[in-house]
J.: 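Handing you a structure now.
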Amino acid sequence: MKDLEHCRNIIDDCDKELVTIFERRLKAVLGVLEYKKEKKLPIFQPEREQDVLKKVNSYLEDDELSSALESLYRQILKISRKLQSKYLFPYNIILIGFMGSGKTSVGKELSTLLEMDYIDTDELIIKNSGLSIDQIFNTYGEIGFRKLEKEVIEGLQDNKNTIISCGGGVVLDSENIDLLKNNGRLIWLKASPLETYNRLLGDTSRPLLKNNFTIKKLTNLLNSRLALYEYASDIIVDTDGKSIQDIAREIVEKLLGPNI
Ligand code: S3P
C-alpha cells in the first residue's frame, strides 16, 4: 500500500512538472508563430517536425520507450499545429468548385496539415437524410436536393476554424454564398473541362453527369457556372497538373499573404 502511494506521489510530481513544461512549450510555439508571421517565413514546416522527433529520441535513455515517446511527440506536434491554426484561421476555409475539382481530397489534406476539423456538405446531407445523393435526386429531384443542401449550409453558421468542402452546385443559390461568407473564406478550386473530364471518367456517383457523360455535356454545365464560382470566391487556385499537397500548400500561402 505504501509502495502504491509512493509511486502515485512520484506520478503526481511528474504531472505537475509536465503541465508546467507543456504550457511553456505551447507559449514558445505561439512565439515562433508571431516571429514567422512578422518575418513572413513559412509557418508549417514538416521538416522541422521530423527534426524534433529525431532530437527527442536522442535524449531517451531507455530505447524500449522509443515508440511510446514517438506517439507522445506526434500528439504534441499535432496539438501545436492545431493551436497555430486556431490563431491563423479563426474563420472557416471553404472549398468550392465543380465536381471533380478535388474539394474532398484537398479538404482532407488541409485538415491534416492544419489539424483543423473537416466537414463535407454532401456527407452531412447523406447523414441527415439517411439517403445517398443518388437516392435523393431520384426521389426528390434536384430541387429537393438543393433544399437539403441549403439546410446544411444554414446549420454551419456556428462553425469556425473548420475546413468545409461544398458540393459543386452550392453556388447556384446566392443565399448559400452569403451564409458561407459570414464566417469563412471561399476558395475556388478551378480545373479545365478536359482535366475535369479525365478525373471524372468512370465515376457513376454524380447524378448530374450520369446519363450521356460527354466532355460537351460537362463543359456546358461547367461554363454555365463559371461566373458564379468566380463571383463567390475570395481566392482562386488553378488545379490543373498540380498534386493535392501542392494545392493545399498554395491555399495556405494565399490565405496568409504573398510571402508566407
Ligand atoms: C453537384 C455536385 C456534387 C453533389 C451533387 C450535385 C453539383 O458534389 O453535391 O451531385 O451540382 O455540382 P461534388 O462537387 O462534391 O461532386
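Numbering of ligands and ligand atoms starts at 1, following listing order.
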J.: At less than 4.0 angstrom from any non-hydrogen atom of D122, what atoms of ligand 1 do you find?
T.: 3 (C), 4 (C), 8 (O), 9 (O), 13 (P), 15 (O)
J.: Decide, yes or no, whether a salt bridge links E142 with R146 under the criterion of side-chain N to carboxylate O below 4.0 Å.
T.: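 Answer for the salt bridge query: yes.
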J.: N/O of G168 under 3.5 Å from N/O of ligand 1, yes or no?
T.: yes
J.: Got an N/O contact under 3.5 Å between C166 and ligand 1?
T.: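 No, since none of the N or O atoms of C166 sits under 3.5 Å from an N or O of ligand 1.
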J.: Between the side chains of S132 and D134, is a donor N or O closer than 3.5 angstrom to an acceptor N or O?
T.: no
J.: Between R199 and E195, is the closest basic N to carboxylate O distance under 4.0 Å?
T.: yes
J.: Quick one: which ligand 1 atoms are inside 4.0 Å of a heavy atom on K103?
T.: 13 (P), 14 (O), 15 (O)
J.: Using heavy atoms and a 4.0 Å limit, tell me yes or no: is K210 in contact with ligand 1?
T.: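 Flag not set, K210 not near ligand 1.
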J.: Could you list the atoms of ligand 1 found under 4.0 angstrom from a heavy atom of P207?
T.: 10 (O)
J.: Which atoms from ligand 1 have a heavy atom of L208 less than 4.0 Å away?
T.: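 Here the atoms of ligand 1 in question are 7 (C), 11 (O).
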J.: Flag the pair D234 and K181 as a salt bridge only when some basic side-chain nitrogen lies within less than 4.0 angstrom of an acidic carboxylate oxygen.
T.: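 Salt bridge between D234 and K181, a charged N being under 4.0 Å from a carboxylate O: yes.
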J.: According to the interplanar angle, ranging from 0 to 90°, do the rings of F137 and F145 count as parallel (below 30°), tilted (30 to 60°) or perpendicular (above 60°)?
T.: tilted
J.: Taking the non-hydrogen atoms of R225, is any one of them nearer than 4.0 angstrom to ligand 1?
T.: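 Contact present.
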J.: Report the nearest protein non-hydrogen atom to atom 7 (C) of ligand 1: residue, atom name, distance rounded to 0.1 Å.
T.: G169 N, 3.3 Å
J.: Looking at N176 and V170, would you say the former's side chain and the latter's main chain have a donor-acceptor pair under 3.5 Å?
T.: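 Checked: pair present.
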J.: Does R249 pair with E253 as a salt bridge, N-O distance under 4.0 Å?
T.: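 No, this pair does not count.
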J.: State whether the shortest distance between N or O atoms of E142 and N or O atoms of ligand 1 falls below 3.5 angstrom.
T.: no
J.: Pick whichever of R206, M99, R146 has a heavy atom sitting closest to atom 11 (O) of ligand 1.
T.: R146
J.: Between R74 and E70, is the closest basic N to carboxylate O distance under 4.0 Å?
T.: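 Salt bridge between E70 and R74, a charged N being under 4.0 Å from a carboxylate O: yes.
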